[in-house]
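Down below is the structure, laid out as structure tokens.
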Amino acid sequence: MSTETPTPFERTDFIREIVAADLREGRRRSIVTRFPPEPNGYLHIGHAKSICLNFGIAEQFGGQCNLRFDDTNPVKEEQEYIDAIAADVRWLGFDWGEHLYFASDYFQQLYEWAVDLIKAGKAYVDDLTADEIREHRGTLTEPGRESPWRSRSADESLDLFERMRAGEFPNGERVLRARIDMASGNINLRDPVLYRIVHATHPRAGDAWCIYPTYDFAHGQSDAIEGVTHSICTLEFQDHRPLYDWLIENLPVPSHPHQYEFARLNLTHTVLSKRVLLRLVNEGRVKGWDDPRMPTLSGIRRRGFPAEGIRDFAAMIGVARNESVIEIEMLEHAVRDVLNRTALRRFAVLDPIKVVIENYPEGQIEELEVPNNPEDPSAGSRDVTFGRELWIERDDFMEEPPAKFFRLAPGREVRLRSAYFVTCREVVKDPAGRVTVLKCTYDPATRGGAAPDGRRPKATLHWVPVAQAIPAEVRLYDHLFTAPYPGGDDRDLFEDLNPDSETVRRGCFVEPCLADAPVGTTVQFERLGYFCPDPDSAPDALVFNRTLALRDTWAKLQAQGQRDPG
RNA sequence: UGGGGCGUCGCCAAGCGGUAAGGCAGGGGACUUUGGAUCCCCCAUCCGCAGGUUCGAAUCCUGCCGCCCCAGCCA
């Protein structure tokens, strides 16, 4: 990965410090990390934090980061998810090179290790039902009881385990358990299940197996097989670390990885739970996994967020063990920061009102040069056609402007960006009193937007020529949930859904060069925000998504005025 | 009542015994052909609370308090 601009945040964290110390003090000669998604859903921004951490560390310390699918539960996993996840990681800007792995590729090895454990008397086949096992497990405060099958011979367990693999038993009839300590305060050590019978077709292994290792029996050993040195996961796996270590110590694994845990990402005004996201999709609350309101990487991408902004965000928030909820404004800041630097400026009018320049010759047009990005002169410029009739934003005119309103009003002169100064002379309304046309005059001496006499209007408006304007649909997006903490105070999560998270505006006009803007590029509609073509867009029916609005101090002022009038 | 974690500004987060970085948000100002951007200034005498050790503590010790995770044959 390379970025044209240096990462804005040079920061370390407790995991990087551990890695650096391991290298410095010779405990490791090189490091290997991994990003281990389960292919049972789409990646979201929370995963991006982990991806940036794992790939970022590998990159920073000259190591390698594997993409390993943790595909040990065939009933939930699908090839569709595998493909989508790989595409999302690639989009985020990371490259695993040759190191694409699947836990399912290790099934034979894991099976053999399970046999080793049985022979060593450290695992046994249990005939208890799932309910019985639960009853025997004890509670948080009471120790568990040993299964009556715990003491059966290794030979008998071995025979049973082989028959489990051979498919002699139905789902759930028996499991393989580690023999550790039913009285442990750590429930994960109360003889955890290592293998269960699942007669299901695996997305990759097909029907080769009908017994599958659990997460605990697969994860650490997969790390060991791959030579992973630093196995980084989220806080809820802390309690699993003793089991992770126990298995590594009791199995002839080729390397000894260590697990480190960090706090997962939480964001205000959204939710990062695969379960809830799946519900939103299934119940039709959103248009799919890639709905622009979704916090999934595919949703964010469709929304127009640049990958670089996500990476910057990950660097901004840091990595720690404090459980935290990041205000979504921080994400939006990171995204605007990148977009401000890189997005080409364009003109678009979302809620048009017609301006007729009465002293501009009928039928005349001219091409005016408009900069593509004032922040980046190398972005060049484009020509925009100017004519007698233009569209401007309805919000940019007020018949009776309040004190702080600087835009167009009767008798007032404003600048049309990169064009001319115009003065409003007459307001035309329809019978209902709605403004339909603003008759204006322009000052020919202000071509390009500057006056020879040095006078400077307080406002500059964007515009689109009526004759050349292209109609478009624009979808405005806002937070998926109105509440910063959806479902807080025991509310039903869905009560907090924002009814206005998507607002579709038809009858918008955009400048001609937007007709063939490719999907995947985000531009700035000047003075409005950042927008990108939606995959739904067609040459004869353009559709743009609003990625993010520009910061709007005028709107803020108005809001303040409403709060405390006077 | 068991085990494992975490508590530094509204939200993140540095800090690792020598007297509270930075970012986001917020407030003020400058500048501006985007009320955008940029720039400048302000924003924790205090680090969950209470004791203790020390010349000196957010950093060490003790005790409280609060919050999170764990009782899937999910990951």
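As the structure is a prediction and not an experimental result, all values here were calculated from the model. Chain A is the first sequence line, chain B the second, and so forth, proteins listed ahead of strands; every chain is numbered from 1.
If you check distances only, the side chain of N186(A) never reaches the base of G4(B) with a donor-acceptor pair under 3.5 Å. For E173(A) and C73(B), a side-chain-to-base donor-acceptor distance below 3.5 Å is absent, hydrogens and geometry of angles not being considered. Side-chain to base pairing of R345(A) with U34(B): one donor and one acceptor N or O lie within less than 3.5 Å of each other. Interface remark: the E323(A) side chain does not form any donor-acceptor pair with the G5(B) base, using a distance-only criterion of under 3.5 Å. Judged by atom type and distance alone, E375(A) reaches the base of G36(B) through a side-chain donor-acceptor pair under 3.5 Å.
One finds no side-chain N or O of H462(A) lying less than 4.0 angstrom from the OP1 or OP2 phosphate oxygen of U34(B). Phosphate proximity of A13(B) to N322(A): present, with a side-chain N or O under 4.0 Å from OP1 or OP2. Distances shorter than 4.0 Å separate some side-chain N or O of R321(A) from OP1 or OP2 on C6(B). In this model, the phosphate group of G72(B) is approached by a side-chain N or O of R137(A) to a distance below 4.0 Å at OP1 or OP2. Not one side-chain nitrogen or oxygen of N188(A) sits closer than 4.0 Å to the OP1 or OP2 atom of C70(B). Between K556(A) and G26(B) there is a side-chain polar atom (N or O) within less than 4.0 angstrom of OP1 or OP2. Taking side-chain N and O atoms only, R336(A) has no distance below 4.0 Å to OP1 or OP2 of U34(B). Residue R190(A) places no side-chain N or O under 4.0 Å from the OP1 or OP2 atom of G2(B). A close approach under 4.0 Å does not occur between any side-chain nitrogen or oxygen of R177(A) and OP1 or OP2 of C73(B).
Using atom C1' as the reference point in both A71(B) and U1(B), the two lie 15 Å apart (nearest Å). Spacing between A20(B) and C61(B) at atom P, rounded to whole Å, works out to 23 Å. Distance check on atom C1': A44(B) versus A21(B) gives 13 Å, rounded to whole Å. Atom name C1', nucleotides U33(B) and G28(B): the rounded distance is 26 Å, in whole Å. Nucleotides C39(B) and U45(B) place their C1' atoms 30 Å apart, quoted to the nearest Å. One C1' atom belongs to C68(B), the other to G26(B), and the distance between them is 29 Å to the nearest Å. Here, G2(B) and U19(B) have their C1' atoms 42 Å apart, quoted to the whole Å. Taking atom P on both nucleotides, A50(B) is separated from C46(B) by 11 Å, rounded to a whole Å.
The nearest whole Å value for the distance from the CZ atom in R456(A) to the P atom in U33(B) is 5 Å. Put simply, OH on Y215(A) is 14 Å from C1' on C70(B), counting in whole angstrom units. Rounded to a whole Å, the CD atom of E329(A) is 8 Å from the C1' atom of C24(B). In this structure, the CG atom of D376(A) is 17 Å from the P atom of U34(B), given to the nearest Å. Between the P atom of G36(B) and the CZ atom of R341(A) lies a distance of 19 Å, rounded to the nearest Å. The separation between Q259(A) atom CD and A75(B) atom C1' is 12 Å, rounded to whole Å. Rounded to whole Å, the distance from CE on M330(A) to P on G26(B) is 12 Å. Going from atom CD1 of I328(A) over to atom C1' of G10(B) covers 17 Å, rounded to whole Å.
A salt bridge does not link R407(A) with E393(A): every distance from a Lys NZ or Arg NE/NH1/NH2 to an Asp or Glu carboxylate oxygen is 4.0 Å or more. A salt bridge between R382(A) and E511(A) is present, with a side-chain N of the basic residue lying under 4.0 Å from a carboxylate O of the acidic one.
Nucleic acid contact for S184(A): none, since no nucleic acid atom lies under 4.0 Å from a heavy atom of the residue. Using a 4.0 Å heavy-atom cutoff across all strands shown, E526(A) reaches at least one base atom of the nucleic acid. Across all strands shown, E17(A) has heavy atoms under 4.0 Å from base atoms, whether or not it also approaches the sugar-phosphate. Residue contacts shown for K404(A) include a base, since a base heavy atom lies under 4.0 Å away. If you check every strand for non-hydrogen atoms under 4.0 Å, H240(A) touches a base. Heavy atoms of P371(A) sit nowhere under 4.0 angstrom from any nucleic acid atom. Across all strands shown, L128(A) has heavy atoms under 4.0 Å from base atoms, whether or not it also approaches the sugar-phosphate. F237(A) comes within 4.0 angstrom of a nucleotide base, judged by non-hydrogen atoms across all strands.
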Pair R321(A)-E261(A), salt bridge (charged side-chain N to carboxylate O under 4.0 Å, His left out): steps then yes or no:
CA-CA 7 Å; R321(A) 291 173 67 88; E261(A) 312 88 17; 3.2 Å; yes
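Judged by distance alone, the side chains of R241(A) and N188(A) never bring a donor and an acceptor atom under 3.5 Å apart. The closest side-chain donor-acceptor pair between H219(A) and R34(A) falls under 3.5 angstrom.
Residues P36(A) and Y485(A) both approach RNA chain B. Their nearest nucleotides, taken by heavy-atom distance, put Y485(A) toward the 5′ side. Between L416(A) and K76(A), the residue whose closest nucleotide on RNA chain B is further toward the 5' end is L416(A).
W113(A) has its ring centre no less than 6.0 Å from the ring centre of F217(A).
Side-chain N or O atoms of N372(A) include one that pairs as donor or acceptor with a backbone N or O of A379(A) at under 3.5 Å.
Partner of D127(A) under the salt bridge (charged side-chain N to carboxylate O under 4.0 Å, His left out) criterion, out of R174(A), R177(A), R163(A): R174(A) alone.
Out of U33(B), C12(B), G23(B), the shortest distance to the side chain of H333(A) is found at G23(B).
In this structure, G72(B) is classed as syn because its glycosidic torsion stays within 90° of zero.
Note: H258(A) NE2 to D223(A) CG = 11.5 Å, rounded to the nearest 0.5 Å.
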